[in-house]
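Written below as structure tokens is the structure these notes are about.
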Amino acid sequence: MGNYTVAVIDFETTGLSPHCGDRTIEVGAVLVANNRIVDRFQSLMNPKMKLSSFIEDYTGITNGMLTKAPDITDVMKKLKKFISTHYLVAHNASFDSKFLDAEFSRIQFKRINEFACSMLTARRVYPDAPNHKLETLVRYKQLKTDGVHHRALADAEMTAHLWMRMIEDIKSAYSRSVVSFGLMQQLGKTQKKKVHEFLAAAMP
DNA sequence: TGCCAGGCCCTCTTTAGGGCCTT
């Protein structure tokens with residue numbers, strides 16, 4: 001055990017909902033194996049629509065930067081290869097999973113990877129954090145960061161460091177049996193099974 | 001044309017509502 005790979009993923013998008021026409025504009029993803037980042041993937045994408053000034057300000061990604069960016073279809077094909085069949089992790093995974101599924105669906109791909117959510121896990125593991133935004137948790141746990149926020153690869157890397165730290169903190173605080181029968185019973189229904197699988201894989 | 005999210009979790013709960021988090 002311990003020889004497992006997780007793909008941590010983050011999207012920047014034109015807005016909050018693919019069902020309202022929003023598209024992805026940048027993806028960042030890292031592979032985590034043996035408690036370290038072993039590979040990285042990043043690309044801008046051209047959504048063929050104009051970014052709002054809010055999104056330009058929020059991400060630092062401008063309309064001008066996207067005019068020469070590759071088509072979303074081409075990036076999704078590469079992303080699919082990158083994440084392969086690995087487990088996926090994202091901060092507030094419901095957001096990234098719905099965009100990944102929506103973009104995959106447009107090119108007749110179907111996601112087979114399971115998602116776990118670092119935000120829902122952090123709420124359980126770090127209940128005393130000021131809040132459970134990625135930025136706050138990175139500061140709270142004094143995790144490695146280059147100071148960039150709201151860009152896909154930077155956020156994916158921070159999420160990866162947060163995920164690795166949570167695994168380590170859980171491992172050091174609880175025995176395997178307690179993890180199985182104690183902490184896991186405190187988790188919400190949806191995350192319990194997924195986090196347990198991840199932890200089981202991470203245990204030596 | 002103009003509208004514009006939604007899943008999870010908590011609780012003053014389950015015949016529901018509201019906050020958090022993502023862009």
Side-chain angles (χ1 to χ4, degrees), chain A residues 7-30 42-66 69 72 75-76 79 83 88-106 111 113-141 143 145 148-163 165-166 183-198:
Chain A
V8 184
I9 190 167
D10 184 79
F11 285 112
E12 305 306 314
T13 70
T14 63
L16 288 171
S17 175
H19 296 124
C20 294
D22 287 316
R23 302 296 303 273
T24 55
I25 60 173
E26 188 182 40
V27 60
V30 300
Q42 182 274 334
S43 182
L44 290 170
M45 292 170 272
N46 187 346
K48 308 272 178 63
M49 59 190 284
K50 194 172 185 301
L51 296 184
S52 66
S53 58
F54 172 82
I55 294 297
E56 284 190 316
D57 292 342
Y58 187 80
T59 64
I61 298 169
T62 64
N63 283 290
M65 291 164 67
L66 297 184
I72 296 176
V75 176
M76 286 299 145
L79 177 65
I83 64 175
L88 297 175
V89 170
H91 201 69
N92 197 13
S94 68
F95 176 85
D96 294 280
S97 63
K98 71 183 179 184
F99 271 99
L100 179 64
D101 291 352
E103 297 295 3
F104 270 16
S105 174
R106 285 172 177 266
R111 170 174 61 88
N113 320 55
E114 270 212 82
F115 257 103
C117 179
S118 57
M119 181 195 73
L120 295 177
T121 305
R123 282 180 181 169
R124 303 295 176 171
V125 179
Y126 305 131
D128 296 330
N131 60 56
H132 298 88
K133 296 176 183 178
L134 179 59
E135 192 172 341
T136 302
L137 290 166
V138 166
R139 221 169 26 241
Y140 181 68
K141 298 306 294 183
L143 301 175
T145 171
V148 176
H149 296 286
H150 308 305
R151 285 300 297 266
L153 185 59
D155 283 3
E157 292 202 25
M158 286 190 289
T159 302
H161 287 297
L162 172 63
W163 185 257
R165 181 60 175 272
M166 287 196 293
L183 180 69
M184 287 303 108
Q185 290 186 344
Q186 300 172 25
L187 286 171
K189 288 178 184 175
T190 307
Q191 291 299 301
K192 185 191 290 185
K193 175 173 173 291
K194 294 177 181 177
V195 173
H196 186 269
E197 288 173 357
F198 277 57

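Lettering of chains follows the sequences in order, A, B, ..., and the numbering in each one begins at 1. All values reported here derive from a predicted model rather than from experimental measurement.
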Go through the structure and list residues passing side chain to side chain donor-acceptor pair (under 3.5 Å) with A:Ser43, not counting sequence neighbours.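 If we apply the side chain to side chain donor-acceptor pair (under 3.5 Å) test to A:Ser43, skipping adjacent residues, there are no hits.
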With rounding to the closest Å, how many angstrom separate the [atom1] atoms on [N] and [M]?
| N | M | atom1 | value |
| --- | --- | --- | --- |
| B:dC12 | B:dC20 | P | 16 Å |
| B:dG6 | B:dT23 | C1' | 13 Å |
| B:dC8 | B:dC4 | P | 24 Å |
| B:dG19 | B:dT15 | C1' | 22 Å |
| B:dG18 | B:dT14 | C1' | 15 Å |

So does [X] get a side-chain nitrogen or oxygen closer than 4.0 Å to the phosphate oxygens (OP1/OP2) of [N]?
| X | N | result |
| --- | --- | --- |
| A:His91 | B:dC21 | no |
| A:His132 | B:dC21 | yes |
| A:Arg124 | B:dC10 | yes |

Could you check how far [atom1] of [X] sits from [atom2] of [N], rounded to whole Å?
| X | N | atom1 | atom2 | result |
| --- | --- | --- | --- | --- |
| A:Asp22 | B:dC4 | CG | P | 13 Å |
| A:Arg123 | B:dT22 | CZ | P | 9 Å |
| A:His150 | B:dT22 | NE2 | P | 8 Å |
| A:Leu88 | B:dT22 | CG | C1' | 16 Å |
| A:Leu120 | B:dG19 | CG | P | 18 Å |
| A:Asp101 | B:dG6 | CG | P | 14 Å |
| A:Leu66 | B:dT23 | CG | C1' | 14 Å |
| A:Lys133 | B:dT23 | NZ | C1' | 13 Å |

The side chain of [X] is closest to which nucleotide in this list: [options]?
| X | options | answer |
| --- | --- | --- |
| A:Lys98 | B:dC9, B:dT23, B:dG6 | B:dG6 |
| A:Asn92 | B:dT23, B:dC21, B:dC8 | B:dC21 |
| A:Cys20 | B:dC9, B:dT22, B:dC4 | B:dC4 |

The answer to which of A:His19 and A:Asn131 contacts DNA chain B further toward the 5' end, by nearest nucleotide, is A:His19
Could you tell me whether the side chains of A:Asp22 and A:Ser17 share a donor-acceptor contact shorter than 3.5 Å? no
Between A:Thr24 and A:Glu103, does any side-chain donor sit less than 3.5 Å from a side-chain acceptor?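 Result is yes, a qualifying pair exists.
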A:Thr14 side chain reached by A:Met49 side chain, heavy atoms, under 4.5 Å: yes
Do A:Leu100 and A:Leu79 have side chains that approach each other closer than 4.5 Å (heavy atoms only, starting at C-beta)?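 Yes. Closest side-chain heavy atoms under 4.5 Å.
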Any base atoms under 4.0 Å from [X], or only sugar-phosphate, or nothing? Heavy atoms, all strands.
| X | answer |
| --- | --- |
| A:Thr14 | nothing |
| A:Asp96 | nothing |
| A:Phe11 | sugar-phosphate |
| A:Ile25 | nothing |
| A:Asp57 | nothing |

Using 30° and 60° as the class boundaries, would you call the ring planes of A:Phe54 and A:Tyr58 parallel, tilted or perpendicular? parallel
